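Encoded as structure tokens, the structure appears first; notes follow it.
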Amino acid sequence: MLAEDFDYGTAFSRTLGWITETEQKILRAKRIAIAGLGGVGGSHLLTLTRLGIGNFKIADLDIFEQENFNRQAGASIRHVGRDKIDVLAELALDINPELDVDKFSSGVTTENLDTFLEGVDLYVDALDFFAVEIRQAVFAACAEKGIPAITAAPLGMGVAFLAFLPGQMTFEEYFRLADQAEDEQLLRFLLGLSPAMLQVKYLVDDTRLDLNAHKGPSTPMACELCAGMAGTHALKILLNRGEVPAAPRGLHFDAYRNKMAKTWRPMGNHNPIQRLGLTIVRKRLSTKLAAPPEKPATMPVTVIDRILDYARWAPSGDNTQPWQFELSSDASFVIHTRDTRDWCVYDLAGRASQTSVGTLMENITIAAQSEGLEAHFSLRDPIADAEPVIDVSLTTLLPLVKEPPLLPYIKSRTVQRLPLSTRPLMTGHKQALEEAVGPGYRLIWVEGRQRKWQITRLLLRAASIRLTIPEVYEVHKKIIHWDTQFSSDRIPDKALGADAPTLKMMKWALQSWSRVKMLNRYFAGTVMPRIQLDLIPALRCGAHFIIVADSPREKTIDYLEGGRATQRFWLTATKLGLQLQPEMTPLIFATYAREGRRFTDSNDKLAEADTLRLALDSLSGGEVDAVFMGRLGFGTSASSRSLRKALEQLKKVKG
Ligand SMILES: Cc1cc2nc3c(=O)[nH]c(=O)nc-3n(C[C@H](O)[C@H](O)[C@H](O)COP(=O)(O)O)c2cc1C
């Protein structure tokens, strides 16, 4: 279509109905000033152009760079290196060639401010978040000239909106930025924009926010929401209809949280609630959150370090990470393992540790593939039962696997111990999981009300052993990291799946064995943990599974292979969007009963383990060699999780 063929009435006819023809004529005659064409300014311009606004003044001095691609209208390969203002003017004129666009290519400055705002009906703020000084000046000038001024800030995956209308509270009266240091101004601006702070709850990596470097994380959705919010209020202000919340009132809509907050802060940042909020945010910024789960302290540079950096995210019973790495050359290293049989009742034959080491080996295989390498493992002493030492050599992989499909899930895979959706797994999911375990293994599914009850009883029985024998008490005492969301060498209490009062009780009880005994004897101390940690999760999931070895495992290598199959299963489940929690205690106690291993001094509990064995056999349809057992289901991934020891800590010093 040629620009000559453009017809305003036709181009914008589909807005009619929400506005009248007369109102459209009014909008067409209006002039809007937009300062800044970065994150939100470009979207504002294009949205307002499509709304039928006929005249703009736009200001920006930047050029497009790749870093802008995630969110900025106009940021694309063909526009890198070009002035944003030229690109956006072209894009807007492509929508409405009759537009009157006045460009301020040096940006808005105190010198050109009067010209910039001359004849303007509305100012839409889209300046960089960190451009405090000029923003103050523009809003002050708008207040003086009686120009309504609005700002829609992209926060997380939402928008915070403020309007400063003629004769009402001004920008300075609201934000109180005058005479403050820059850091404080930024803080006040942020908290003033969004007193509700809906976005902070889901910020997953606060190290990406760097006030000093003037950098913060952003999303394209927020920018588009801003354009929608600003466009709507522009319409209302310019057509003089509808309610416009003016400062000290504000709006915050967060699409991620499904929330809309309407705020009211008389005196703006001088409001006592705001002052309190500022104190909290100041404190929060000074004490950084725990490091994000997958980020190493120092970026691994060598190939082996990169592989091991993935490898270390393998799951292990109670997060014990029973491995160390000895680097021998550029293409080889050694895995030294140290099982936990001397202190952990769940690992009396070192088999749980060996299963974990298997998951580590699978991670190494996948991570090596991503480097174009094939990992070969060789057990130093295939006969020895304890603490295998494994030589790993890396050779060129042919054919290349460009992006191993399970690689991205190595770091995001985590245990979810909270209740999950009861939606059954789809056939496709089950097939993918059956394929994932590979030859030599099969899956037993435990689904349907009756079978779920059967396994629930089994889990409750295992829990009654788990929570009442001193041998387990010693383990729990050691492996729970209290009052924390993340732990690099244990399991954080917040990841256990119990509510705050139950955790409090558990923490108190685990101080001494006599407290546990007393609580169990007189106060039915195992009731709440059993309900929360076993009963509810057992029922609230899509299915339980048992990975079974076709032929009974005998040697260490068989247990390592079982671990590898388990990891393929777990990573595939993560890829499918499923959450998983291992349920290994019934299996471990039943195995002990089968082997006649006296894992506790309590004869009653030994007898209970034998009953457990029979119940497990009945559930599995006969005696099987169960490699791994757990539950699966749809749900969100855990917000509290075990992290890992740093790679440097896991490297073994030679000699
Ligand atoms: C062999 C093995 C047995 C496990 N047994 C259980 C279990 O019975 N219950 C449970 O909740 N988690 C169990 N886990 C999960 C670990 O506690 C978990 O992987 C570890 O704390 C690391 O956390 P992450 O997997 O969330 O990274 C087991 C893991 C492995 C490898």
Side-chain angles (χ1 to χ4, degrees), residues 292-294 310-323 337 339-341 344-363 409-420 455 458-459 462-463 465-467 472 475-476 478-481 484-498 529 532-534 536-538 541 544-547 553 559-560 562-571 573-574 579-591 612 626-632 637-645:
E294 79 275 16
Y310 274 105
R312 73 192 174 100
W313 286 93
S316 54
D318 299 326
N319 202 19
T320 45
Q321 304 164 64
W323 41 67
T337 66
D339 67 40
T340 55
R341 70 180 78 193
C344 182
V345 68
Y346 298 130
D347 196 25
L348 292 181
R351 297 308 191 194
S353 284
Q354 287 161 17
T355 304
S356 308
V357 175
T359 69
L360 177 92
M361 289 162 69
E362 192 59 25
N363 278 3
Y409 306 99
I410 288 182
K411 295 185 185 182
S412 62
R413 179 219 53 78
T414 186
V415 178
Q416 174 55 288
R417 297 185 178 88
L418 290 174
L420 299 167
I455 199 165
L458 187 87
L459 286 158
I465 303 177
R466 201 180 72 218
L467 297 170
V472 169
V475 175
H476 288 181
K478 208 162 164 166
I479 56 102
I480 301 174
H481 194 160
T484 185
Q485 194 180 354
F486 303 112
S487 173
S488 58
D489 56 0
R490 281 163 285 167
I491 301 180
D493 63 339
K494 306 272 187 302
L496 291 177
Q532 289 182 23
L533 307 185
D534 297 276
I536 295 175
C541 66
H544 298 257
F545 65 89
I546 308 174
I547 303 177
R553 291 166 298 165
Y559 285 86
L560 297 175
R564 296 189 65 161
T566 300
Q567 181 69 341
R568 288 193 295 272
F569 178 91
W570 203 338
L571 292 176
T574 310
Q579 305 297 326
L580 187 153
Q581 180 187 3
E583 294 164 327
M584 290 297 282
T585 49
L587 210 149
I588 291 168
F589 292 140
T591 308
L612 200 65
V627 174
F628 209 79
M629 182 168 142
R631 65 186 188 106
L632 280 170
S637 49
S639 53
S640 168
R641 64 164 299 179
S642 297
L643 303 181
R644 297 295 185 274
K645 291 178 190 163

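Atoms within each ligand, like the ligands themselves, are counted from 1 in listed order. The shown structure was predicted, so the numbers you read here are calculated from the model rather than taken from an experiment.
Polar contact with ligand 1: absent for Thr355 (N/O pair, distance under 3.5 Å). For a threshold of 3.5 Å applied to N or O pairs, the pair formed by Ser356 and ligand 1 contains no separation below that value. Any N or O atom pair closer than 3.5 Å counts here, and Ser642 shares at least one such pair with ligand 1. Checked by distance only, ligand 1 and Trp570 stay at 3.5 Å or farther apart across all their nitrogen or oxygen atoms.
Looking only at protein heavy atoms, the nearest one to atom 28 (C) of ligand 1 is Pro582 CG, 3.7 Å. The protein heavy-atom contact nearest to atom 11 (O) of ligand 1 is Arg417 NE, 2.7 Å.
Side-chain atoms of Gln567 and Arg564 include no donor-acceptor pair closer than 3.5 Å.
Per-residue contacts place Arg641 under 4.0 angstrom from the following atoms of ligand 1 (heavy atoms of the residue considered): 24 (P), 27 (O). Annotation for ligand 1: atoms under 4.0 Å from non-hydrogen atoms of Ala352 are 1 (C). Short contacts between ligand 1 and Gln581, defined as distances under 4.0 Å to a heavy atom of the residue, involve ligand atoms 11 (O). Of all the atoms in ligand 1, the ones that sit under 4.0 Å from a non-hydrogen atom of Thr414 are 24 (P), 26 (O).
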Mind running side-chain contact (heavy atoms from CB on, under 4.5 Å) on Leu360 and Tyr310 for me, showing each step along the way? CA-CA 9 Å; Leu360 177 92; Tyr310 274 105; over 6 Å; no
Working note: His544 + Leu459, criterion side-chain contact (heavy atoms from CB on, under 4.5 Å); need CA distance, chi angles, decisive distance, verdict. CA-CA 11 Å; His544 298 257; Leu459 286 158; 4.1 Å; yes
So Ser637 and Gln579, side-chain contact (heavy atoms from CB on, under 4.5 Å) or not? Walk me through it. CA-CA 6 Å; Ser637 49; Gln579 305 297 326; 3.6 Å; yes
Decide yes or no on side-chain contact (heavy atoms from CB on, under 4.5 Å) for Arg417 and Ile491, but give the supporting numbers first. CA-CA 12 Å; Arg417 297 185 178 88; Ile491 301 180; 3.8 Å; yes
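Put simply, the side chain of Thr359 does not reach to within 4.5 Å of the side chain of Ser316, judged on heavy atoms. Residues Thr340 and Lys478 fail the side-chain proximity criterion, which asks for heavy atoms closer than 4.5 Å. Contact of the Val472 side chain with the Tyr346 side chain is registered, since non-hydrogen atoms from C-beta on lie closer than 4.5 Å. Contact of the His476 side chain with the Asp318 side chain is not registered, since no non-hydrogen atoms from C-beta on lie closer than 4.5 Å. Between Arg490 and Asn319, the closest side-chain pair of non-hydrogen atoms is not below 4.5 Å.
Contacts between Ile491 and ligand 1 below 4.0 angstrom, taking non-hydrogen atoms only, involve the side chain exclusively. Residue contacts with ligand 1 for Asp318 involve N, CA, C or O but no side-chain atom from C-beta outward (heavy atoms, distance under 4.0 Å). The backbone and the side chain of Met584 each have at least one atom closer than 4.0 Å to an atom of ligand 1 (non-hydrogen atoms only). Only the side chain of Phe628 comes within 4.0 Å of ligand 1, counting heavy atoms alone; its backbone N, CA, C and O stay farther away.
The closest approach between a heavy atom of Arg413 and any atom of ligand 1 is below 4.0 Å.
Ranked by closest heavy atom to atom 15 (C) of ligand 1, the top entry among Thr566, Leu459, Val415 is Val415. Taking all heavy atoms of Pro315, Ser316, Gly317 into account, the minimum distance to atom 16 (C) of ligand 1 is reached by Ser316.
Rounded to the nearest 0.5 angstrom, Asn363 CG and Arg568 CZ are separated by 12.0 Å.
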